[in-house]
Amino acid sequence: MALTRSNLLRPLTTSLYRPFSSTSSDSIITVETSIPFTGHNIEPPSRTVETSSFELLTFFKDMATMRRMEIAADSLYKSKLIRGFCHLYDGQEAVSIGMEAAITRKDCIITAYRDHCIYLGRGGTLVETFAELMGRQAGCSKGKGGSMHFYKKENGFYGGHGIVGAQVPLGCGLAFGQKYNKDEAVTFMMYGDGAANQGQLFEALNMSALWDLPAILVCENNHYGMGTAEWRAAKSAAYYKRGDYVPGLKVDGMDALAVKQACKFAKEHALKNGPIILEMDTYRYHGHSMSDPGSTYRTRDEISGVRQERDPIERIRKLVLSHELATEKELKDIEKEIRKEVDEAIAKAKESPMPEPSELFTNVYVKGFGTESFGADRKEVRAVLL
Amino acid sequence: MSIPMLRLAKWGLISKRCFSNTTTCESGKTVNLFSAINQALDIALDTDPRSYIFGEDVSFGGVFRCTSGLADRYGKHRVFNTPLCEQGIVGFGIGLAAMICITDRETAQLQKSSLQIISFPLLIRHESLWSQIVNEAAKFRYRSGNQFNCGGLTIRSPYGAVGHGGHYHSQSPESFFCHVPGLKVVIPRSPQQAKGLLLSSIRDPNPVIFFEPKWLYRLAVEEVPEHDYMLPLSEAEVIRQGNDITLVGWGAQLALMEKACDDAEKAGISCELIDLKTLIPWDKETVEASVRKTGKLLVSHEAPVTGGFGAEISASIAERCFSRLEAPVARICGLDTPFPLVFEPFYMPTKNKILDAIKATVNY
């Protein structure tokens with residue numbers, strides 16, 4: 001299964017993974033999740049997860065790519081090549097990676113504005129990502145969306161939404177469509193701990209339970225809704241219990257294998273019994289968005305503590321090393337390779353031109369307005385854009 | 001894309017318009033827009049113990065730092081964070097305002113009316129506030145036969161472009177709310193204006209939506225008197241006298257219009273520039289008097305041209321001064337597209353677009 005869904009590294013698979021063939025790539029490795037799952041109105045799945053050498057190394061490479069990409073986005077933002085809003089995912093990579101390992105591209109994912117890595121996990125490329133971030137034609141939304149609006153319809157990624165919590169009811173519609181079409185697939189509706197207090201979330205919950213929709217509500221609890229700690233905003237921060245009549249599962253969202261186990265379990269449950277909530281206990285290293293240094297409402301010690309104790313990439317690194325699937329040097333080489341890959345993607349994205357001026361008027365309605373007036377500033381504007 | 005903010009600083013504004021305990025600008029410090037707002041909120045909390053500020057992240061200053069220090073000064077029971085649930089917050093505010101109005105009805109005259117201020121850090125969530133603001137807040141007085149109201153409610157929200165805000169965070173939704181009788185919509189153009197207008201909005205016995213130009217939070221700097229003063233609502237101000245054409249605008253757009261007026265002057269066109277300040281109920285008389293003098297009108301705003309508030313001004317003036325108008329009313333506004341990210345410079349009603357329209361209208 002892992003073989004078919006490996007997406008980030010397809011071009012590199014052969015070259016990079018040959019050195020690690022000391023352990024056969026399909027041999028099964030059994031690992032315990034970091035902590036047990038906690039269930040609400042449901043018997044939680046076992047802590048024992050099956051994985052393989054190939055899967056662990058794929059996890060490592062995919063997550064390291066995401067991490068590197070987000071760090072690069074941070075510096076592109078600071079050098080003003082990315083404008084607008086930009087929310088980074090570093091720290092939360094295990095959620096995307098673990099989820100993708102448990103599902104197929106027939107399953108749908110819909111999320112909010114912290115979407116770069118989810119997009120990558122769904123099969124997006126680095127070039128498309130950077131191009132979109134910088135508003136270039138080669139971007140996944142043709143440069144018209146920007147950081148918050150990534151989509152990949154053919155792989156079941158429904159974006160990329162800017163309003164807190166607004167994507168969750170949309171997810172109900174997706175799940176209804178899947179059920180209606182007898183797709184035997186599910187929808188993952190992702191939202192944060194801040195959005196968990198939105199009224200529309202409960203409306204969505206009720207509808208999906210009422211109609212037994214194959215809907216999985218994934219609460220990525222990174223413990224801060226913008227700059228407000230969860231306990232300041234929520235009477236009950238046990239988000240997996242918030243569904244009351246809908247069962248829930250609390251998952252260590254920093255452990256990709258735990259996430260995989262939970263998502264597999266949730267998918268089976270949702271297809272049979274309707275919605276379930278997965279609370280992913282995770283952490284974002286960056287601030288909420290680029291205007292938030294991320295250090296005014298939490299201590300630097302807290303952040304470095306999470307980095308040391310719970311970092312999702314380091315967890316996989318340790319597993320790889322302890323099972324002797326690769327040496328420390330080989331992992332370092334992979335990271336170097338990723339760094340190069342990311343830099344090349346940025347260079348390529350920068351080569352892509354800005355969208356044509358006429359694109360301003362397309363996609364508003366099916367047909368254009370027939371207006372293409374740029375007014376008195378046309379010349380000056382061109383100079384700014386190109 | 002720099003805006004000549006010195007120009008803003010030059011606009012004298014307090015002298016003739018003060019309607020409460022205002023005196024002329026004497027002990028002003030030079031501050032930016034968000035500091036001026038902070039001062040107004042500070043005064044509001046200080047002068048009325050029944051005032052509260054709540055909203056997303058306000059207790060540690062809010063995204064734009066407008067509420068910095070207020071929680072420390074007035075306590076967490078009066079300045080507090082809410083969860084991210086806009087509809088709930090507004091509903092909560094309406095209830096609180098109504099409650100205070102009932103128990104304290106006799107003091108509901110100006111200055112003593114109860115108030116609270118809701119602050120929204122980002123302009124992203126109006127759609128979910130819609131029902132609460134339009135149905136609950138705006139019609140409360142009317143549908144209860146004046147038994148209840150939420151006149152103490154002031155909703156602060158940033159609006160407008162910042163150069164790179166993208167689809168949601170750059171919008172100018174003022175005309176949506178202008179379509180709702182029962183609400184007042186106020187937009188200041190500068191720090192000094194913001195302080196006076198915000199205090200008026202807070203003390204006005206009607207629910208007010210106070211839009212703050214995001215672009216100007218740090219950019220606009222001018223002297224702001226430190227004391228408590230109010231600027232009247234529903235009174236427009238002629239901020240530049242002229243004879244050939246009347247320009248009407250509000251908020252951040254005025255700085256661009258002022259620049260266009262300067263350029264037009266070099267071409268020998270004398271422009272009269274009016275800051276509308278309150279969009280609803282708006283000061284038709286001031287605009288009408290000016291158009292009767294100049295015979296021409298240009299309206300400019302960032303919101304899309306179709307259905308924007310410029311359309312209302314244009315129609316009203318056509319009704320009132322049809323025979324005096326010498327040219328069609330010009331509207332230089334945002335384009336009828338979603339607010340674009342990379343195309344923002346194309347979308348915006350820039351100075352040169354305004355200048356061209358001034359020339360075209362004058363030479364009609």
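Being a predicted model, the structure only gives us computed values, none of them experimental. Throughout, protein chains are lettered first and strands after them, A, B, ... in sequence-line order, and every chain is numbered starting at 1.
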Nearest heavy atoms of Tyr168(B) and Met148(A), plus distance in Å: CD1-CE, 4.2 Å
Which residues share a salt bridge (charged side-chain N to carboxylate O under 4.0 Å, His left out) with Arg298(A), sequence neighbours left out: none
Residues of residues 227-234 of chain A near chain B, each having a heavy atom less than 4.5 Å away: Gly227(A), Thr228(A), Arg232(A), Ala233(A)
His167(B): ring-ring contact (aromatic ring centres under 6.0 Å, His included) partners, not counting sequence neighbours: His149(A)
Salt bridge (charged side-chain N to carboxylate O under 4.0 Å, His left out) involving Lys241(A) - partner list, sequence neighbours excluded: none
Euclidean distance, Phe85(A) CZ relative to Leu341(B) CG, rounded to 0.5 Å: 10.0 Å
Nearest heavy-atom neighbours spanning Pro355(A) and Phe343(B): CB-CZ, 3.6 Å
Within 6.0 Å of OH in Tyr285(A), more than 12 heavy atoms from elsewhere: yes
Options Gly84(A), Ser289(A), Ala195(A), Gly135(A), ranked by heavy-atom pairs under 4.5 Å with chain B, top entry: Gly84(A)
Closest non-hydrogen atom pair, Asp57(B) against Gly225(A): OD1-O, 4.3 Å
